[in-house]
Amino acid sequence: MLTYTALRAADRDSAAMHAAAPEPVERDQDRAARLVEGLPFAAFTLGPDGRVRVFNTAAAALFGVDRARAVGRAIIEVIPSVDLERMLQAALAGETRTRDIVLGAVARQRYFGVTAQPYESGAMAIASDRTALLAAERMRSEFIGNVSHELRTPLSAMKLMLETVLISEDDAEARALFLPQIQGEVERMIRLVEDLLDLARSESGTLQLRVERFDLGDMAASTVNTFAHRADGLGVELELDAPAAVPVDADRGALTQVLVNLVDNALRHTPAGGNVAVEVGREGADAVLRVRDTGAGIPYADLPRVFERFYVVDRSRSREHGGTGLGLAIAKHLVESHGGSLVAESVYGTGSTFTMRVPAPAGLSVSPDIKER
Ligand code: ADP
């Protein structure tokens with residue numbers, strides 16, 4: 001038989017049990033919230049009412065959202081995406097969905113990979129920023145498309161010309177017409193493959209720079225000399241302005257390749273009667289090499305893109321000039337691998353200026369002598 005005290009004790013125990021009963025559930029929820037909170041990637045949970053329960057720090061940073069203001073709101077108020085809203089509705093109804101959602105204004109769109117799934121009686125989503133990854137994938141497939149196109153076009157042309165020469169057997173006229181063209185296409189393809197190899201080397205970081213001290217002005221003088229004859233033939237004045245020695249610690253071959261590319265471009269885009277000037281000097285801590293031309297110039301909208309692989313402003317003109325659209329991409333890589341920069345300025349219809357800067361060796365000032373060349 002239970003005594004009064006025993007009964008009271010039993011009551012107390014049962015009351016304590018009742019009071020304690022919700023506790024483990026609450027602790028579970030807290031623990032789950034803490035877990036989501038501490039995840040090293042963006043995650044948030046919704047309650048069964050579709051309102052945000054937990055919005056972790058990584059999610060707040062990823063979406064640029066104030067966590068405190070996110071909690072308790074409908075997700076569409078926090079992240080303005082109808083697609084995300086639909087995914088989470090589906091997750092609340094028991095379905096798991098994964099897809100990319102797009103946020104932001106057209107020019108600054110960002111892509112977020114989101115997985116939404118049912119979680120307890122609500123839903124949970126995890127997200128990551130895939131913008132850079134998708135851009136890299138797009139660039140890679142564009143690159144493969146470009147390479148294939150650049151190789152297939154001359155190959156098709158050569159095939160046609162060769163067939164014509166073969167069919168017309170002893171037709172001297174056809175041979176005289178097509179064989180030099182085939183040779184031209186082969187040379188273009190060799191240039192393209194060499195450029196691709198250069199680009200691959202410089203992008204993969206396997207480029208070995210052979211650094212030595214030399215005078216940038218001296219390098220510019222010998223490079224400009226190699227173009228003198230061509231400039232004469234084009235009726236373009238080619239000048240060098242390198243009044244003082246500008247020592248640099250750099251790979252002479254690589255910087256020569258950069259200058260060759262810049263002068264070659266300048267001559268290709270400058271009509272007869274124009275001027276191409278190569279200037280060498282020191283500005284602050286930098287050794288500077290500038291190539292100015294009074295040529296066609298580059299439209300303002302194209303200017304930031306000329307350093308992209310395969311970017312060609314005017315495709316029809318470039319083909320006739322034999323350009324691959326890789327030269328400036330390679331040049332920029334070469335300069336940047338020296339810790340320098342290559343910048344383009346242009347006024348369309350008036351001319352272009354390309355400026356290369358590389359760090360000059362510390363403690364060396366410009367020699368005041370005007371060098372004889
Ligand atoms: P390409 O082999 O076609 O010359 P580049 O990468 O060297 O390729 O140059 C990219 C594009 O930039 C060229 O197709 C050309 O349209 C433009 N460009 C480069 N240099 C000049 C210049 N000095 N004047 C005008 N346009 C230029």
Side-chain angles (χ1 to χ4, degrees), residues 139 142-143 145-151 153-154 184-203 220 223-224 226-227 230-231 234-241 254-279 288-337 340-356:
M139 269 178 73
E142 266 176 30
F143 180 71
N146 276 324
V147 172
S148 318
H149 176 83
E150 290 294 325
L151 288 174
T153 310
E185 292 292 351
V186 169
E187 275 161 12
R188 226 177 81 78
M189 283 176 63
I190 291 173
R191 246 187 346 261
L192 174 68
V193 172
E194 277 168 359
D195 281 357
L196 283 170
L197 287 173
D198 273 353
L199 192 66
R201 268 196 291 271
S202 60
E203 282 188 349
T223 307
V224 165
T226 64
F227 280 100
R230 185 167 138 210
L234 291 167
V236 173
E237 189 186 6
L238 176 61
E239 311 175 289
L240 173 68
D241 180 18
L255 295 195
T256 303
Q257 189 178 346
V258 172
L259 183 58
V260 164
N261 187 267
L262 296 180
V263 174
D264 177 64
N265 276 350
L267 288 175
R268 276 198 280 145
H269 295 98
T270 304
N275 173 279
V276 173
V278 178
E279 300 162 8
V288 179
L289 182 73
R290 206 172 261 120
V291 179
R292 295 180 197 275
D293 68 62
T294 59
I298 301 165
Y300 186 70
D302 293 302
L303 203 51
R305 303 198 58 191
V306 292
F307 296 104
E308 288 175 20
R309 300 181 295 193
F310 289 113
Y311 195 79
V312 165
V313 176
D314 181 343
R315 262 204 186 267
S316 53
R317 284 196 50 202
S318 164
R319 184 155 291 284
E320 110 203 9
H321 290 296
T324 60
L326 289 175
L328 286 177
I330 295 168
K332 195 174 169 70
H333 268 292
L334 290 175
V335 177
E336 285 175 355
S337 62
S341 64
L342 181 61
V343 173
E345 295 158 283
S346 182
V347 177
Y348 190 43
T350 304
S352 312
T353 302
F354 285 81
T355 305
M356 179 197 88

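Just follow the structure's listing: the first ligand is 1, and inside any ligand the first atom is 1.
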K.L.:
Considering only heavy atoms of Arg268, which atoms of ligand 1 have at least one such atom less than 4.0 Å away?
P.N.:
1 (P), 2 (O), 4 (O)

K.L.:
Strictly below 4.0 Å, N to O, side chains only: are Asp195 and Arg191 in salt-bridge contact?
P.N.:
no

K.L.:
Please state which part of Asn261 comes within less than 4.0 Å of ligand 1, counting heavy atoms only: side chain, backbone, both or neither.
P.N.:
side chain

K.L.:
How about Leu326 and Phe310: do any of their side-chain heavy atoms sit closer than 4.5 Å?
P.N.:
yes

K.L.:
With a 4.0 Å heavy-atom cut-off (strictly under), which part of Val312 contacts ligand 1: side chain, backbone, both or neither?
P.N.:
both

K.L.:
Report, in ascending order of atom number, the atoms of ligand 1 lying under 4.0 Å from any heavy atom of Val313.
P.N.:
14 (O), 16 (O), 17 (C)

K.L.:
Closest by any non-hydrogen atom to atom 12 (O) of ligand 1: pick that one out of Val306, Val263, Val291.
P.N.:
Val306

K.L.:
What atoms in ligand 1 come closer than 4.0 Å to a heavy atom of Tyr311?
P.N.:
10 (C), 11 (C)

K.L.:
Mark yes or no for whether Ser346, through its side chain, and Gly297, through its backbone, hold a donor-acceptor pair below 3.5 Å.
P.N.:
no

K.L.:
Check step by step if side chain to side chain contact (heavy atoms under 4.5 Å, CB included) holds for Arg188 and Leu192.
P.N.:
CA-CA 6 Å; Arg188 226 177 81 78; Leu192 174 68; over 6 Å; no

K.L.:
Going by heavy-atom distance to atom 27 (C) of ligand 1, choose the closest among Arg292, Arg191, His269.
P.N.:
His269

K.L.:
Are any of the side-chain nitrogens in Asp241 or Arg290 under 4.0 Å away from the carboxylate oxygens of its partner?
P.N.:
no

K.L.:
Within the structure, does Leu328 bring an N/O atom to less than 3.5 angstrom of an N/O atom in ligand 1?
P.N.:
yes

K.L.:
When you measure from the heavy atoms of Ala266 to every atom of ligand 1, does any distance fall below 4.0 Å?
P.N.:
yes

K.L.:
Going from CE on Met356 to CG on Leu334, what distance comes out if it is rounded to the nearest 0.5 angstrom?
P.N.:
10.5 Å

K.L.:
I'd like to know if Asp198 and Arg201 make a salt bridge, using a cut-off of under 4.0 Å between side-chain N and carboxylate O.
P.N.:
yes

K.L.:
As an exercise, state the distance from CG of Leu196 to CG of Leu151, rounded to the nearest 0.5 Å.
P.N.:
7.0 Å

K.L.:
Could you tell me whether Asp293 approaches ligand 1 through its side chain, its backbone, both or neither, with non-hydrogen atoms closer than 4.0 Å?
P.N.:
side chain

K.L.:
Ignoring angles and geometry beyond distance, decide whether Ala329 reaches within less than 3.5 Å of ligand 1 through its nitrogen or oxygen atoms.
P.N.:
no

K.L.:
Is there a heavy atom in Gly325 that sits closer than 4.0 Å to ligand 1?
P.N.:
yes

K.L.:
For Phe354, is at least one N or O under 3.5 Å away from an N or O on ligand 1?
P.N.:
no

K.L.:
Leu262 and side-chain contact (heavy atoms from CB on, under 4.5 Å): which single residue from Val276, Leu342, Leu267 fits?
P.N.:
Leu342

